[in-house]
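Written below as structure tokens is the structure these notes are about.
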2 protein chains.
Amino acid sequence: VSQIPPHGPERRLLPRWAAPRAAEAAPEPVVVLSSREAADLALLGMGAYTPLTGFMDHDTYRGVLREMQAAPGVLWPIPITLAVHPVLADQLSPGTTARLALPSGRVLGRIRVQDRFRPNLLEECSAVYGTCDPSHPGVAATLRQPPVYIGGPVEVWDLGPVYDRYRHLCWWPAEARAVFETYGWETVAAFQTRNPMHRSHEFLAKCALMLTDGLFIHQVLGELKSDDLPADVRVRAVDALVRHYFPENRVVQAGYPIAMRYAGPREAVLHAIIRQNYGATHLIVGRDHAGVGRFYGPYDAQAIFRQLPKGSLAIQPLCFDEAFYCRRCDGMTVARTCPHDPAERDHISGTELRRRLRDGLPISPHISRPEVVAVLRAALGEPVTPPPAV
Amino acid sequence: VSQIPPHGPERRLLPRWAAPRAAEAAPEPVVVLSSREAADLALLGMGAYTPLTGFMDHDTYRGVLREMQAAPGVLWPIPITLAVHPVLADQLSPGTTARLALPSGRVLGRIRVQDRFRPNLLEECSAVYGTCDPSHPGVAATLRQPPVYIGGPVEVWDLGPVYDRYRHLCWWPAEARAVFETYGWETVAAFQTRNPMHRSHEFLAKCALMLTDGLFIHQVLGELKSDDLPADVRVRAVDALVRHYFPENRVVQAGYPIAMRYAGPREAVLHAIIRQNYGATHLIVGRDHAGVGRFYGPYDAQAIFRQLPKGSLAIQPLCFDEAFYCRRCDGMTVARTCPHDPAERDHISGTELRRRLRDGLPISPHISRPEVVAVLRAALGEPVTPPPAV
């Protein structure tokens, strides 16, 4: 089975994993990571950010903001940075090393400092998020950082608590590739989700699976929005869907500890690069992928792929509209293929669906499979209606 | 709107159309065309066979059989040949010209002879059809020909009776491209059919339309199998489907006067080249595309596209399984995305569907839309149940 190469000129995965080191003679300064930085470190550790080898230096950072390149010809849409306080930065002259730790003191790895610089955070927000509005959660997080970035290659010794908790889901890119090879899949569509999968998600995933050998459902396991469901509930709900409605040996589910930035189009490209590293050949890009509020047009994250330089990305986006059930069509469809009155649609918002789940109200099987609803109601402590016999 | 280039190194359409000539001083020999040759001449005339300029000489013919190339690097899967009797061939030395006419005497154009040769028809059948079994209709037609081929560029003066009858459907490639440009479509999926479109065809066409801007339904208007419906009935049935179940301005229907060869995989590649010339960026390739009987595996015509040299074809195949309605899935699906018992399927054969149409038996709306069934029953003289109001 020939596989898609990892991103970057070396065409091989570059995990930064190393055996943890005992404390060395000279004590090292400690940089305390934000949850976003800790998630980035874990992704560097597993090789999901191939070909990056660490946090970005000033040149790389500028290249990413201005040219969307981490090096000449190497597409990279979002800076991967490490912010420190100026007092600490003074100790971190190029050539020194520092431990990277969680606020709890748990050491995750080490950086060899190559560069320190004061980023232009407004330029960064404009380039990455398309806005400097602090009501955008990514902008707010960027502007909340200490004002110095340090760059340099990392060694990762520990992938952190998200990895510990979801070890069975947190496949490394090399593991996912080995699984795809075992199944004999030449083409794999990746479906990113931070939700359970309802009928609309199932429909888009199956549309992709009509064109590819396998489907890779990849759960977001990092920090989420407050109304997102816990990952283990989402995983069980997806398992129920797959067991009852997908063929055997065509679907695998895993997760990864990414922190959502809600950067819309640029984040969609980052998701594509990561999925290429995981061995997927296609990425499902839905309506308002990685968006938040009204900061992006619903198809901006699809349009950016058409504007990338040819050959900069081997993985292909599969761009889909939002799906719904139409009674006149007698099935699932999307606006671009359905001519009927919106009154014919069985379609409710995510907010309304959560309300119905919470309040024990009926949910049409056109909205969500009964087996999925049963898992979610059980998790929410609601009385469960048994699913129909298969 | 950027458009896909026509096939071949010149990247422009090469129609062979010319104003009809008055009879010249020296009378020319007349070659009487088979219906397949007349269809090929019309396709040459319109530029659908770009970059070919006429019937193939011996070198081109051998290159097509052995390398699937009409010239170095120019993919071409099926020989486009003109067969003549040895007695006539004796008059057609290289440099002479001949009129090309139908058995009725109607002159369609002219060839400037460059080459005449005795083809190895068994080698041709093996290469093109994968068999020399005369129960294959393409093999039978090949072996029935007179034993000399003449090659050389053609001029086309008249596109023939199929074109006359279906002028409104027989768009030239340049016309189709102009239509797509008017609609602003950058991506267009071509759907070849010699049937009315039932639910399964609608589903596959809509799956393609989820990925492309437009859908180009392209009817086969040349010689058909005996149980195929007349083209005008099929066109009306497709019109009814499009009017009731597809969005406005996303679908166009046209036709072309090709003669089916039933060459399976190689014919699928020919269909792709022709559709690229028409300006389509994608071709829907279904189960047993251009197949007949049990001569090809159901997915041979899809597999051949994966074996073509990279870059030899700009149009992309969209390879789909056979679609059906599954009651457990609660919608249309295909075997590769449905895990349920085949007993859950509403699925009948084409033969059974024709029997039900003919005998006035009920046809489930999961098999064919009532509006389509009404058109077909009306054409077959059956009592018509009015379609439901939209």
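If you're wondering where the values come from, they're calculated on a predicted model, not measured in any experiment. Chain naming here is simple, since letters A, B, ... match the order of the sequence lines and numbering starts at 1 in each. Hydrogens, waters and symmetry mates play no part in the numbers below; they use all other heavy atoms, side chains included.
Residue contact with chain A, scored on non-hydrogen atoms closer than 4.5 Å, involves the backbone of B/Ala335 exclusively. Proximity to chain A involves both the backbone and the side chain of B/Asp330, based on heavy atoms less than 4.5 angstrom apart. Both the backbone and the side chain of A/Arg336 come within contact range of chain B, with heavy atoms under 4.5 Å apart. The contact between B/Thr212 and chain A is made entirely by backbone atoms, counting heavy-atom distances below 4.5 Å. With a threshold of 4.5 angstrom between heavy atoms, B/Cys319 approaches chain A through N, CA, C or O but not through any side-chain atom. In this structure, no portion of B/Asp341 lies under 4.5 Å from any heavy atom of chain A. Looking at B/Leu204, only its side chain comes within 4.5 Å of chain A, counting heavy atoms on both sides. For B/Met332, no part lies near chain A; criterion is any non-hydrogen pair under 4.5 Å.
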Side chain to side chain contact (heavy atoms under 4.5 Å, CB included) between B/Thr337 and A/Met210, intermediate numbers included: CA-CA 7 Å; B/Thr337 60; A/Met210 288 181 65; 4.0 Å; yes

Go through B/Lys206 and A/Cys338 one step at a time and tell me if the side chain to side chain contact (heavy atoms under 4.5 Å, CB included) criterion holds. CA-CA 9 Å; B/Lys206 283 182 168 173; A/Cys338 168; 5.8 Å; no

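Counting heavy-atom neighbours within 6.0 Å of A/Arg11 CZ, excluding the residue itself, gives a total of 12 or less. Applying the 6.0 Å contact sphere to CD of A/Glu248 captures no more than 12 heavy atoms from other residues, nucleotides or ligands.
Judged by distance alone, with hydrogens and angles left aside, the side-chain atoms of B/Arg328 form no donor-acceptor pair with the main-chain N or O of A/Tyr245 at under 3.5 Å.
Counting heavy-atom pairs under 4.5 Å between each of B/Leu211, B/Asp321, B/Val334, B/Asp213 and chain A puts B/Leu211 at the top.
Closest approach of B/His244 to A/His340, counting heavy atoms only: O-NE2, 2.7 Å.
Atom SG in B/Cys329 sits 9.0 Å away from atom CZ in A/Phe246 (nearest 0.5 Å).
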